[in-house]
Amino acid sequence: MIPIKNAQEIIKMRKACSIAAKVLDEMCNHVVAGISTYELDQIGKALIEEMGAKSACFNYRVGSKVYPAYTCISVNEEVIHGIGTFKRVLQEGDIVSVDVSVIYDDFIGDNARTVIIEPASGDAKKLVKVTEESLYKGIAQARSGNRVGDISAAIQEYVEKHGFSVVRDFVGHGVGRSMHEEPQVPNFGRRNSGPKLKAGMTLAIEPMVNMGGSSVRYADDGWTAVTSDGKLSAHFEHTVLVSDDEPEILTISKI
Ligand code: MF3
Ligand code: CO
């Protein structure tokens, strides 16, 4: 069953999402050469707590695994779910994906962005730009009457047209009282397929795009997904409200 949020729940989603967006904005301002990903995660933790929210990632369980950090920070060939560590000090030319999920008043906001530390290669910049644009192509399809596959196909077509590949092992998702609700929102698929979208659904749309092949594997920490070929990967995500009209991007900082 895909949850439909009522008016009061939508107000709560707007609030949680605007906090998630504010934290992401501030963290991205701290993505500079010389900072470790551990320090960056600690900045995220402090910001989340300052706003009276909680990290939806810390202690998040998948099977017997427990996520130990407050945000996800994934550098270069790391795709998603990177764990901040003193050992990873950011450098010029890195591309850094920051993913922030917070809980506020029982609702979750989820968003992510890839930041470039200049000077970076033209290829890296193109990957990041195409990934962000593919997110907006997907969002444009998030209207009642469309299907999930319309979002998926719009993202996949845009990415592949530019010579990159979409990750298939991880997908976007419904989000609300839980971080991962139905429906799954893959970044690949066919138009006019999958569940029908209805007003009041809230979706985390999140293309993960690889410079090389789509294959990913887990790093030794058991959480961080990395590209199998070691090439770069980028990630952008917004939480979006489906309505009868234009989609509303909820993860925009209003505070
Ligand atoms: N935004 C991430 C996702 O949708 C949050 C993951 S939390 C983690 O998968 F604990 F799994 F890292
Ligand atoms: Co997500």
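One-based numbering, in listed order, for ligands and for the atoms of each.
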Next item on the list: Would you mind running through ligand 1 and noting each atom that sits below 4.0 Å from a heavy atom of Trp223?
Entry: 11 (F)
Next item on the list: Would you please indicate if the ring centroids of Trp223 and Tyr67 are separated by under 6.0 Å?
Entry: yes
Check: Would you say the side chain of Pro3 lies within less than 4.5 Å of the side chain of Arg177, judging by non-hydrogen atoms?
Finding: no
Check: Should you measure from each heavy atom of Glu206, which atoms of ligand 1 turn up under 4.0 Å away?
Finding: 4 (O)
Next item on the list: Give the C-alpha distance, both sets of side-chain angles, the deciding distance and a yes or no for side-chain contact (heavy atoms from CB on, under 4.5 Å) between Thr131 and His235.
Entry: CA-CA 7 Å; Thr131 306; His235 179 210; 5.6 Å; no
Margin query: Quick check: of its N, O or S atoms, which one does Glu206 have closest to the Co ion (ligand 2)?
Written below: OE2
Next item on the list: Give the atoms of ligand 1, by number and element, whose distance to some non-hydrogen atom of His173 is under 4.0 Å.
Entry: 4 (O)
Check: Of all the non-hydrogen atoms in the protein, which one sits nearest to atom 11 (F) of ligand 1, and at what distance?
Finding: Tyr60 CD2, 3.5 Å
Next item on the list: Return yes when at least one N/O/S atom of His173 is nearer than 2.8 Å to the Co ion (ligand 2), and no when none is.
Entry: yes
Margin query: Distance alone, cut at 3.5 Å: any donor-acceptor contact between the side chains of Lys198 and Ser144?
Written below: no
Notebook entry, point to check: Considering only heavy atoms of Cys72, which atoms of ligand 1 have at least one such atom less than 4.0 Å away?
Noted result: 12 (F)
Checklist line | Flag if over 12 foreign heavy atoms under 6.0 Å of OH, Tyr158 | finding: yes
Next item on the list: Check each of Asp110, Val175, Val171, Ile80 against atom 1 (N) of ligand 1 and report the one with the nearest heavy atom.
Entry: Asp110
Check: Under 4.0 Å from any heavy atom of Ser101, which atoms of ligand 1 are there?
Finding: 1 (N), 5 (C)
Notebook entry, point to check: Heavy atoms only: which of His180, Arg61, Lys65, Met179 is nearest to atom 4 (O) of ligand 1?
Noted result: His180
Check: Just which atoms of ligand 1 are under 4.0 Å from any heavy atom in Cys57?
Finding: 5 (C), 6 (C), 7 (S), 10 (F)
Note to self: Tell me whether Gln184 at atom CD has more than 12 heavy atoms from other residues, nucleotides or ligands lying less than 6.0 Å away.
What the structure shows: no
Next item on the list: Considering only non-hydrogen protein atoms, determine which one is nearest to atom 9 (O) of ligand 1 and report residue, atom name and distance to 0.1 Å.
Entry: His81 NE2, 3.0 Å
Margin query: To check your reading of the model: name the closest protein heavy atom to atom 2 (C) of ligand 1, its residue, and the distance in Å.
Written below: Asp99 OD2, 3.4 Å
Check: Does Tyr60 have its ring centroid less than 6.0 Å away from the ring centroid of His180?
Finding: yes
Check: Taking everything shown except Lys65 itself, do over 12 heavy atoms lie less than 6.0 Å from its NZ?
Finding: yes
Notebook entry, point to check: What does the angle at the Co ion (ligand 2) come to, between atom OE2 of Glu237 and atom OD2 of Asp110, rounded to 10°?
Noted result: 80°
Note to self: Looking at Lys161 and Glu157, is any side-chain nitrogen of the basic one under 4.0 Å from a carboxylate oxygen of the acidic one?
What the structure shows: no
